[in-house]
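Shown next, in structure tokens, is the structure this report addresses.
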Amino acid sequence: MFKTDIYINRRNALRSLIPSGVVLFLGHVESPVNYAGNTYRFRQDSNFLYFFGLNIPQLAGVIDIEEGTDCIYGNDLDIEDIIWNGDLPSMEQLAAQVGISSVSPYRDLRIKLTSAIRKGRKIHFAPPYRGDSKIILSDLLGLRIGELSNYSSKKLIKSIVQLRSEKEPCEIEEIERACDTGYEMHTLAMRLCKPGIFEYQITGAMEGIAGAANGMPSFPSIQSQNSEILHNHNHNNVLQSGKMLVTDAGAETYMGYASDFTRTVPVDGKFTAKQLDIYNIVLAANNLAQEIAKPGVFYYEVHIAAAKVITEGLKSVGLMKGNVDDAVQCGAHALFFPHGLGHMMGLDVHDMEDLGEKYVGYDDEIERSTQFGTAYLRLGRRLKKNFVLTVEPGIYFIPALINKWKSEKINSSFIDFRKVGEYIDFGGIRLEDNIVITDEGCRRLGKKRIPITQEEVEQEMSK
Ligand code: GLY
Ligand code: MN
């Protein structure tokens, strides 16, 4: 847990942004896997963690703006809990760790909210995304489950986004810890990768590193020799000579902060010339993005600049043609780069996505594009100092998409479909780093960059 003042300051900052009402943060309850007593590892709601810090199930935090009070609702352990799960400090002692002196039993939350509702006071809550939380909120607030999101507070959403977007030094340190674990995960994956091994053998060993660092993977690892599939969670293949293995994985620290890296390596340990041509285009796009990301620049512009590097590169190998600026404006690059350049990262790997990407990645200055490809860009707005984000360009040869564009002649003046046919079994390449925006540019997070050049990757794989 961070120092007590961190949580007090965050709640005070929130209070200064919300003019009136009662702000409710519902913590998570345990989540069963296949029967009630067999639960997933507990993961607290990130907004609750941010303002109330306690990583314990079945708590709620309430900030009463007019009264100027912060209260935690939760129960002390009973003798059964202590016998089976061990003792914990009292709720009062736990609450004191995050600067709160007012503690009430969980059942009193209903009394507090009912009284506020009767007085016509606004209850601010963020849109719930877990089934349990929806049921609890629906019951407490007397709203139908389907209506909850409509009644969630835009003021609260925007205030949380404002506060959580600019990371504090203690958060950056924690994210960097997650990045260092990510380094160990990815370099192990590189060393284990070889023909004949099952993908899941690598996935399991790699995810164990996150556990051994007292955390867990920050999302289900994406790892596959079918590297053109953007989010593949199936790891059942035996690695084949000639393929490339994509690994998109990161760690979450004990405190809940994430890293998220992608590397793509040749299963054989050495790139072919054809693989390397495409690989180096993706690497150039990644490097350029890190050169130009700085405060004041729209991340949308960085995305477009990366798309131009990709288009230029694909032109040089004969896969694309025509004017690069025109091609990117028409979205022709999205045949090969059909996703966004990156997203915010923090307590969530896609930070604050529960609050709505239009609030996290876009604002009054910039709306999300509707064009295929760029529409998947989660972060388009102007960058600010201490934003933490990912840089993850890619080039993929997705047979179904290629066949669709070819038969429908989509962007055919910019694409050489005959040449693309020579790459139909190529797979895909994505290279992802994590950065923090600094005064004048950005800094890559983690003590060392995960091997990324041809030489570095081949050397790591030979170990
Ligand atoms: N790491 C997966 C993603 O960013 O979507
Ligand atoms: Mn990512």
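In listed order, ligands and their atoms are each counted from 1. The structure presented is a predicted model; accordingly, all values stated were derived computationally and were not measured.
Protein heavy atom closest to atom 3 (C) of ligand 1, with residue, atom name and distance, is H350 NE2, 3.1 Å.
Listed by number with element, the atoms of ligand 1 under 4.0 angstrom from any heavy atom of E392 are 4 (O). Near F219, with a cut-off below 4.0 Å to any heavy atom, the atoms of ligand 1 are 1 (N). Within the listing of ligand 1, atoms 4 (O) sit less than 4.0 angstrom from a heavy atom of H343.
Every heavy atom of H339 sits 4.0 Å or more from the atoms of ligand 1.
Here H350 fails the criterion, with no N, O or S atom under 2.8 Å of the Mn ion (ligand 2). Checking D260 against the Mn ion (ligand 2), an N/O/S atom falls under the 2.8 Å cut-off.
In this model, no donor atom of one side chain and acceptor atom of the other lie less than 3.5 Å apart for D260 and T390. E199 and N237 form a side-chain donor-acceptor contact under 3.5 Å, judged by distance and modelled atom types alone. Looking at Y279 and Q454, their side chains never bring a donor and an acceptor atom within 3.5 Å of each other.
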Could you walk me through whether F336 and Y396 satisfy the ring pair (Phe, Tyr, Trp, His ring centres under 6.0 Å) test, starting with their C-alpha distance in whole Å, then the side-chain angles of each, then the deciding distance to 0.1 Å, before giving a yes or no? CA-CA 5 Å; F336 308 99; Y396 313 84; 9.9 Å; no
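To the nearest 0.5 angstrom, C442 atom SG is 11.5 Å from N434 atom CG.
Where the criterion is an N or O separation shorter than 3.5 Å, residue side chain and backbone included, E432 fails it with respect to ligand 1.
The closest side-chain heavy-atom distance from I278 to L319 is below 4.5 Å.
When the Mn ion (ligand 2) is compared with the N/O/S atoms of E432, atom OE2 turns out nearest. Summary: OE2 is the N/O/S atom of E392 found nearest to the Mn ion (ligand 2).
The aromatic ring centroids of H303 and F337 lie less than 6.0 Å from each other.
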